[in-house]
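The structure appears below as structure tokens.
Chain letters run A, B, ... following the sequence lines, proteins first and then strands; every chain starts at 1.
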Number of protein chains: 2
Amino acid sequence: MSVRHGLLALLAEQPRYGYELRGEFEARTGSPLNVGQVYTTLSRLERDGCVTASGASETGQRYYQITAVGRAEVTQWFTTPVRREDRPRDELAIKLALAVGSEDVDMRAIIQAQRTDSLRALQDYTRLKVRAGAQGTDDLTWLLVLDAMVFQTEAEVRWLDHCETRLVQARRPAPLHQPAGEGAEVTR
Amino acid sequence: MSVRHGLLALLAEQPRYGYELRGEFEARTGSPLNVGQVYTTLSRLERDGCVTASGASETGQRYYQITAVGRAEVTQWFTTPVRREDRPRDELAIKLALAVGSEDVDMRAIIQAQRTDSLRALQDYTRLKVRAGAQGTDDLTWLLVLDAMVFQTEAEVRWLDHCETRLVQARRPAPLHQPAGEGAEVTR
DNA sequence: GGGTACTGCCTACCCGGTAGGCATGACCTA
DNA sequence: TAGGTCATGCCTACCGGGTAGGCAGTACCC
């Protein structure tokens, strides 16, 4: 529901029209948004009584105003944390999990290819950060969004490394009774 | 497309029926999967020539076999890295990005609530890891999946802390020419 | 005998996301 | 000046992901 709530949050600041919402959303979150989705979402919001639409202005725009119901939903959204449990599937984790159990799959190659791509993304993000910082735009929001992606990607790379070493350990069968030192890792 | 490809990967190992696929998928990936989605996905796979269905057996199960086309799609999936760019929206990042720009929003409270929830999730994960390790199941895949969630959540907490300090810095307007030490952060 | 629970299937419905079509106006260029 | 392109602005159609729920058979237990 990020789109629904995101649009509502923007409408909570001031009335806007669809195309304008798309632009604002992308500029603030850095997340590309298809215009079509804006209009369908707006009609759902109108259906649910969260916004009211004014007829098209003489220049053709349809402005949307938020209602009390909509305002309540926004504050609800802002004050409720995003629970880890109801996040979309992690495609990478699923892929590796299924690959581990399959024969005819070269785990090392998969991990290697993934790490290469993740490191490339990491480079892109740092380049963007440098540019954003240098241009003096000083767009705090944009910098924070970039940081989020950097942090996530770093975690991904670390996890990939972790997987690789774990898989190597598993290849040579476990010692009869695992020597001490394993416990520390488990309770990290 | 994680579901589609995940089911295909399971079918590449051996023929299975819908309900069984749900069970295997959840057991291996730890990701809950609605049965209805399995059946709709299977029919799409059949439509696309990736699998063929046999009529219901005497006990009522419909077994699905993978085809050459399906096999090609699986290996394609396994060998192509998951690109950072085409991942689902990051609801948390979007929320915070929009909150920064809004008045009447208590950023500190939002971040605080989110961190509390993330730390709770982190605790749950470590508990699960301990249990998985202690029971001697030694289910490597499940441990790796748990590690993925741990790494991601740790990154999230770090990012939240990062956001908080950045926002505090931004409140008191930046010094005329930022003192050294900032550059190191940007190019980290 | 009836409640509960599991296996096994299928349909309906909604949201997210993409593609694409349509119209207007600005601006550039042959 | 006519035609190309691009941006603004709207809308619809279509597909995959995801959830809810219904239906039937079996098993098990009180």
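Counting only heavy atoms from C-beta outward, the side chains of B:T29 and B:V145 never approach each other to under 4.5 Å. Side-chain contact between A:L45 and A:Y64 is absent, with no heavy-atom pair separated by less than 4.5 Å.
Under 4.0 angstrom from either OP1 or OP2 of D:dC11 there lies at least one side-chain N or O belonging to A:R62. Within the structure, a side-chain polar atom (N or O) of B:Y39 is placed less than 4.0 Å from OP1 or OP2 of C:dC9.
Atom OH in A:Y17 sits roughly 12 Å away from atom C1' in D:dC10 (whole-Å rounding). In this structure, A:E46 places its CD atom 14 Å from C1' of D:dC11, rounding to the nearest Å. Between A:E20 atom CD and D:dC10 atom C1' there is a gap of 15 Å when expressed in whole angstrom units. In this structure, the OH atom of A:Y19 is 16 Å from the P atom of C:dG25, given to the nearest Å. For the pair B:D86 CG and C:dT18 C1', the interatomic distance rounds to 13 Å; values are reported in whole Å. What separates CG of B:L42 from P of C:dG8 is a distance of 14 Å, to the nearest Å. Taking atom CZ of residue A:R22 and atom C1' of nucleotide D:dT8, one finds them 10 Å apart after rounding to whole Å. Counting to the nearest Å, the P atom of C:dG16 and the CZ atom of A:F25 are 11 Å from each other.
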Check nucleotides 14-19 of chain D for protein N or O atoms closer than 3.5 Å to its own N or O atoms and list the pairs.
unit_1, atom_1, unit_2, atom_2, d
D:dG16, OP1, B:R47, NH2, 2.6
D:dG16, OP2, B:R44, NE, 3.4
D:dG17, OP2, B:R44, NH1, 3.0
D:dG18, OP2, A:R89, NE, 2.9
D:dG18, OP2, B:Q37, NE2, 3.0

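Under the ring-ring contact (aromatic ring centres under 6.0 Å, His included) criterion, A:Y17 pairs with A:Y63, sequence neighbours left out.
The structure places CZ of B:R84 at 9.0 Å from CE of A:M149, a figure rounded to the nearest 0.5 Å.
Ion pair A:D117/A:R120 flagged as a salt bridge, since at least one NZ, NE, NH1 or NH2 atom sits closer than 4.0 Å to an Asp/Glu carboxylate oxygen.
For the side-chain contact (heavy atoms from CB on, under 4.5 Å) with B:W142, the lone residue among B:D139, B:L140, B:L144 that qualifies is B:D139.
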